[in-house]
Amino acid sequence: MKFILIPDSFKGTLSSVQICRIMEARIRRQFPDSAVVKVPVADGGEGTVDAFLAAAGGKKRFVTVKNPYFEDVKAAYALIEDGKTAVIEMAACAGLPLVEDRKNPLLTTTYGVGEMILDAAGQGVRKIILGLGGSCTNDGGCGAAAAAGVKFFNKNGKEFIPTGGTVREIASIDLKSRKPGLAGIEIIAMCDIENPMYGPNGASFVFGPQKGADMETAALLDQGIRRLSEAIKEASGRDFSQVPGSGAAGAMGAGMLAFFEARLQMGIDTVLDAADFDRLMEDADYIFTGEGKLDRQSLGGKVVIGVARKARTKNKPVIAIVGGAVDEEIENVYEEGVSAVFPINRLPQDFSVSRSRSRENLEATTDNILRLIKLGK
């Protein structure tokens with residue numbers, strides 16, 4: 001038989017790569033002659049580069065770029081096996097772990113992200129996949145744009161690099177100054193949220209607090225992103241403020257649309273395309289997927305549903321293995337193409353307790369599923 005393993009990570013316990021290895025080991029015990037294809041999934045944050053390398057092969061390229069405080073930092077991105085695609089995590093140079101106890105979205109920048117994009121373009125790639133997860137920034141992608149040559153001016157006509165706290169000072173933007181090396185490169189931004197640029201559900205109020213913003217600071221950040229939206233409209237004639245996902249990563253979603261002509265795409269769809277999933281599942285017997293929690297948000301198109309929708313087109317059975325809670329209202333997952341759902345927790349324990357047993361719980365659950373498959377054979 002042929003098994004495809006394509007799980008998301010179980011947040012706080014097991015990475016996607018670890019889950020794949022555990023599942024494969026159990027399959028080898030029960031069905032030693034089976035073919036196993038592992039496609040680790042990440043959501044655009046930390047681990048995205050490693051997941052793509054594990055799924056598609058390739059190598060890491062290390063570069064020195066600016067961190068959130070304009071200090072030099074060594075970061076890595078992936079050049080996938082064909083050499084024509086780069087995968088970048090913005091968290092590698094603009095992520096929360098890089099600021100530790102210095103969280104301040106008024107001061108942080110995405111400048112290093114733009115440097116990484118330019119370096120990838122210099123390697124001759126034709127496609128760049130950028131993960132928007134885990135950022136500590138709220139500059140609307142202005143830093144990244146400035147690194148790529150876009151110019152920002154204040155009311156006195158002075159050029160500057162906006163941060164979260166100075167975005168509101170933008171008087172005009174020169175989009176034509178962007179460096180020509182990016183022309184013709186397809187850029188995809190992995191984005192699994194639908195928040196707009198600004199407002200109560202926008203970047204600053206929803207995600208600002210986890211980056212160190214209190215309500216007063218979040219209001220200042222929101223003002224800045226509103227001004228950025230107006231400045232983009234004045235420069236390009238286009239309004240990105242209400243595009244679903246434009247508020248991702250401190251409105252980096254909007255910045256990628258406006259400054260890099262990127263396309264926002266669900267993370268799982270990006271992974272499936274990169275892994276050539278349609279071809280992989282042609283002769284598959286079973287597809288094992290999963291994520292840390294299965295709830296209403298999952299129905300919006302996260303990993304389990306994204307995989308199931310694809311598999312349904314080929315009538316392939318999809319088994320979802322869930323690391324934590326399974327919401328009571330998930331009946332629709334079966335209509336989307338999921339064949340069965342199995343939570344791994346074997347005892348009614350709080351997550352603080354069960355998380356330490358995730359590995360053995362996953363092993364036991366996978367074993368039981370495989371025994372049931374064997375019984376059916």
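- For the pair Lys374 and Phe31, the cation-pi criterion (under 6.0 Å, within 45° of the ring axis) is fulfilled.
- In this structure, CG on Leu220 lies 11.5 Å from CE on Met215, to the nearest 0.5 angstrom.
- Side-chain contact annotation: Thr108 with Lys103, donor-acceptor N/O pair under 3.5 Å absent.
- Taken from OG in Ser135 to CG in Leu96, the straight-line distance is 6.5 Å, to the nearest 0.5 Å.
- Checking Arg309, Lys316, Lys310 one by one against Asp278, the salt bridge (Lys or Arg N to Asp or Glu O under 4.0 Å) holds for a single residue, Lys310.
- Distance NZ/Lys151 to OG/Ser177: 5.5 Å, rounded to 0.5 Å.
- Not one N or O on the side chain of Thr166 forms a donor-acceptor pair closer than 3.5 Å with the backbone of Glu169.
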Val341 vs Val333, side chain to side chain contact (heavy atoms under 4.5 Å, CB included): CA-CA, chis, key distance, verdict: CA-CA 9 Å; Val341 176; Val333 302; 4.2 Å; yes
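- Cluster annotation: Leu272 is connected to Phe52 through the hydrophobic network of ILVMFWY side chains, with a link wherever side-chain heavy atoms come within less than 4.5 Å.
- Screening Arg226, Lys233, Arg227 for a side chain to side chain donor-acceptor pair (under 3.5 Å) with Glu230, the sole residue that qualifies is Arg227.
- A donor-acceptor pair under 3.5 Å links the side-chain atoms of Ser204 to the main chain of Asp222, judged by distance alone.
- Here the closest heavy-atom approach between residue Leu175 and residue Ser236 is recorded as CD1-CB, 3.8 Å.
- Listed for the Thr366 side chain is no donor-acceptor partner under 3.5 Å among the backbone atoms of Glu363.
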Atom pairs and distances, side-chain donor-acceptor, residues 20-27, under 3.5 Å, sequence neighbours left out:
| residue | atom | partner | partner atom | Å |
| --- | --- | --- | --- | --- |
| Glu24 | OE1 | Lys38 | NZ | 3.1 |
| Glu24 | OE2 | Arg28 | NH2 | 3.2 |
| Arg26 | NE | Asp367 | OD2 | 3.3 |
| Arg26 | NH2 | Asp367 | OD2 | 2.8 |

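- Counting heavy atoms from C-beta on, the side chains of Leu221 and Val167 never come closer than 4.5 Å.
- Between Asn67 and Tyr111, every side-chain heavy-atom pair lies at or beyond the 4.5 Å cut-off.
- Defined by atom type and a distance below 3.5 Å, a donor-acceptor pair is present between the side-chain atoms of Gln265 and Thr270.
- For the pair Val73 and Val65, the minimum side-chain heavy-atom distance is below 4.5 Å.
- Side chain of Glu186 to backbone of Ile128: no donor-acceptor contact under 3.5 angstrom is found.
- Inter-residue side-chain proximity for Pro196 and Asn201 is flagged as met; some heavy-atom pair is nearer than 4.5 Å.
- Side-chain contact check for Ile185 versus Arg126: some heavy-atom pair is nearer than 4.5 Å.
- For the pair Asn195/Phe207, a side-chain contact is recorded, criterion being any heavy-atom separation below 4.5 Å from C-beta on.
- Here the shortest heavy-atom pairing between Met116 and Ala92 reads CE-CB, 4.3 Å.
- In this structure, Asn154 contributes its side chain and Ile170 its backbone to no donor-acceptor pair below 3.5 Å.
- Between the side chains of Thr217 and Asp214, at least one donor N or O lies within less than 3.5 Å of an accepting N or O.
- Of all the heavy atoms in Ala94 and Thr109, the pair that sits closest is CB-O, 4.0 Å.
- The residues Lys302 and Asp192 are annotated as not salt-bridged, no charged nitrogen and carboxylate oxygen being separated by less than 4.0 angstrom.
- Side-chain contact between Phe342 and Val322 is absent, with no heavy-atom pair separated by less than 4.5 Å.
- Under the 4.5 Å side-chain heavy-atom criterion for grouping Ile, Leu, Val, Met, Phe, Trp and Tyr, Leu228 is connected to Val113 within one hydrophobic cluster.
- When all heavy atoms are compared, the tightest approach of Val338 to Val304 is CG2-CG1, 3.7 Å.
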Evaluation steps, side chain to side chain donor-acceptor pair (under 3.5 Å), between Thr64 and Asp72: CA-CA 6 Å; Thr64 299; Asp72 285 348; over 6 Å; no
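- No donor-acceptor distance shorter than 3.5 angstrom exists from the side chain of Thr48 to the backbone of Ala42, with no hydrogens or angles considered.
- Tyr77 and Asp119 share a side-chain donor-acceptor pair at under 3.5 Å.
- Counting non-hydrogen atoms of neighbouring residues, nucleotides and ligands closer than 6.0 angstrom, the NZ atom of Lys2 exceeds 12 such neighbours.
- For the pair Val37 and Leu5, the minimum side-chain heavy-atom distance is 4.5 Å or more.
- Enclosure of atom CZ in Arg238 is not indicated, since only 12 or fewer non-hydrogen atoms of other residues, nucleotides or ligands lie within 6.0 angstrom.
- The hydrophobic clustering, which links ILVMFWY residues whose side-chain heavy atoms are closer than 4.5 Å, places Ile187 and Leu79 together.
- In this model, no donor atom of one side chain and acceptor atom of the other lie less than 3.5 Å apart for Thr163 and Asp139.
- The pair Glu282-Lys314 counts as a salt bridge, with a side-chain nitrogen and a carboxylate oxygen less than 4.0 angstrom apart.
- Look at Arg357 and Glu360 and you find a salt bridge, because one of the NZ, NE, NH1 or NH2 atoms lies within 4.0 Å of a carboxylate O, short of that distance.
- Residues Ile287 and Val271 fall within the same hydrophobic cluster, defined by Ile, Leu, Val, Met, Phe, Trp and Tyr side chains chained together at heavy-atom separations under 4.5 Å.
- A salt bridge links Asp50 to Lys60: at least one charged side-chain nitrogen sits closer than 4.0 Å to a carboxylate oxygen.
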Considering only distance and modelled atom types, tabulate donor-acceptor pairs under 3.5 Å from the side chains of residues 248-261, sequence neighbours left out.
none

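- Between Phe3 and Phe288, the distance from one ring center to the other falls under 6.0 angstrom.
- Ile88 and Ala120 get closest at one heavy-atom pair: CD1-CB, 4.3 Å.
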Working for side chain to side chain contact (heavy atoms under 4.5 Å, CB included), residues Ile369 and Tyr286: CA-CA 11 Å; Ile369 294 169; Tyr286 293 95; over 6 Å; no
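- In the hydrophobic clustering of ILVMFWY residues, with side-chain heavy atoms under 4.5 Å counting as a link, Phe152 and Met197 come out together.
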Full working for side chain to side chain contact (heavy atoms under 4.5 Å, CB included) between Met90 and Thr110: CA-CA 8 Å; Met90 72 172 292; Thr110 56; 3.9 Å; yes
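- Put simply, the side chain of Ser16 gets close to the backbone of Val41: a donor and an acceptor are under 3.5 Å apart.
- In this structure, OG in Ser358 is found 7.5 Å from CZ in Phe10, a value given to the nearest 0.5 Å.
- Nearest heavy atoms, Val206 versus Pro200: CG2-O, 3.6 Å.
- The neighbour count for Glu216 CD, taken as heavy atoms of other residues, nucleotides or ligands under 6.0 Å away, does not exceed 12.
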Verdict with supporting geometry, Tyr198 and Ser229, side chain to side chain contact (heavy atoms under 4.5 Å, CB included): CA-CA 9 Å; Tyr198 54 77; Ser229 177; 3.8 Å; yes
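- For the atom pair CG of Leu107 and OG1 of Thr137, the computed distance is 12.5 Å after rounding to the nearest 0.5 Å.
- If you take CZ on Arg178 and CG on Leu182, they are separated by 5.0 Å, rounding to the nearest 0.5 Å.
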